[in-house]
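Input: a single structure, listed below in structure tokens.
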Amino acid sequence: AGMIAESYLAMKKGLLSVEEEQEIVKYLESVYGKISVPDDPEIIEIMRQDKKNKGNKILMALPQGIGNAIWDVEVNEEQVIEALSFFKSH
């Protein structure tokens, strides 16, 4: 679920093309299937405790093209909720 949401965020931030994002999502769904995730407030709280964060900032590692990643990409709660909505509707 996290990798699909991260791929969506990377696409929205211009780090992945739409085609790359769709390829990643299709692959991950073929391997792992569809899973359920906790409600958004619970996910946000879990994310706030991640070791990658600095201060009150939510930092993520996001794909930059297939096979590459960049670290310490700041995202806000609204972006996380949007990405989770994408995952849930997919």
Could you walk me through whether Lys34 and Phe87 pass the side chain to side chain contact (heavy atoms under 4.5 Å, CB included) check? CA-CA 9 Å; Lys34 188 71 172 168; Phe87 171 78; 4.1 Å; yes

Can you sort out the partners of Asn68 under side chain to side chain contact (heavy atoms under 4.5 Å, CB included), two or more places apart, ordered by chain and number?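 If we apply the side chain to side chain contact (heavy atoms under 4.5 Å, CB included) test to Asn68, skipping adjacent residues, there are no hits.
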
Residues which pass ring pair (Phe, Tyr, Trp, His ring centres under 6.0 Å) with Phe86, listed by chain and number, not counting sequence neighbours: Tyr8, His90

CA sep, side-chain torsions, deciding dist, call: Asp40, Lys88, side chain to side chain contact (heavy atoms under 4.5 Å, CB included): CA-CA 11 Å; Asp40 296 344; Lys88 291 174 185 177; 2.9 Å; yes

Nearest non-hydrogen partners of [X] and [Y], listed with the distance:
X	Y	result
Glu29	Ile4	CG-CD1, 3.8 Å
Ala83	Leu9	CB-CG, 3.7 Å
Ile35	Ala1	CD1-CB, 3.7 Å

According to salt bridge (Lys or Arg N to Asp or Glu O under 4.0 Å), does anything in residues 12-28 pair up with another residue at least two apart or in another chain? List the pairs.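 Found Lys12-Glu82.
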
Rounded distance [0.5 Å steps], OG in Ser7 versus CG in Leu15: 10.5 Å

Just so I know, are the side chains of Leu84 and Val80 near enough to count as touching, which here means a heavy-atom distance under 4.5 Å?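 Yes, side chains in contact.
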
Side chains of Ile24 and Met3 in contact at under 4.5 Å (non-hydrogen atoms):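 No; the side chains remain at least 4.5 Å from each other.
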
Residues 16-75 vs ring-ring contact (aromatic ring centres under 6.0 Å, His included), sequence neighbours excluded, gives none

Check: residues 54-63 side-chain donor-acceptor pairs under 3.5 Å, at least two apart:
| residue | atom | partner | partner atom | Å |
| --- | --- | --- | --- | --- |
| Lys54 | NZ | Asp72 | OD2 | 3.4 |

Under the side chain to side chain donor-acceptor pair (under 3.5 Å) rule, what pairs show up with a residue in residues 41-53, not counting sequence neighbours?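 Output for this query lists Glu45-Gln49, Arg48-Glu77, Asp50-Lys52.
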
Would Val75 and Ile46 show up in the same hydrophobic cluster when neighbours are defined by side-chain heavy atoms closer than 4.5 Å? no

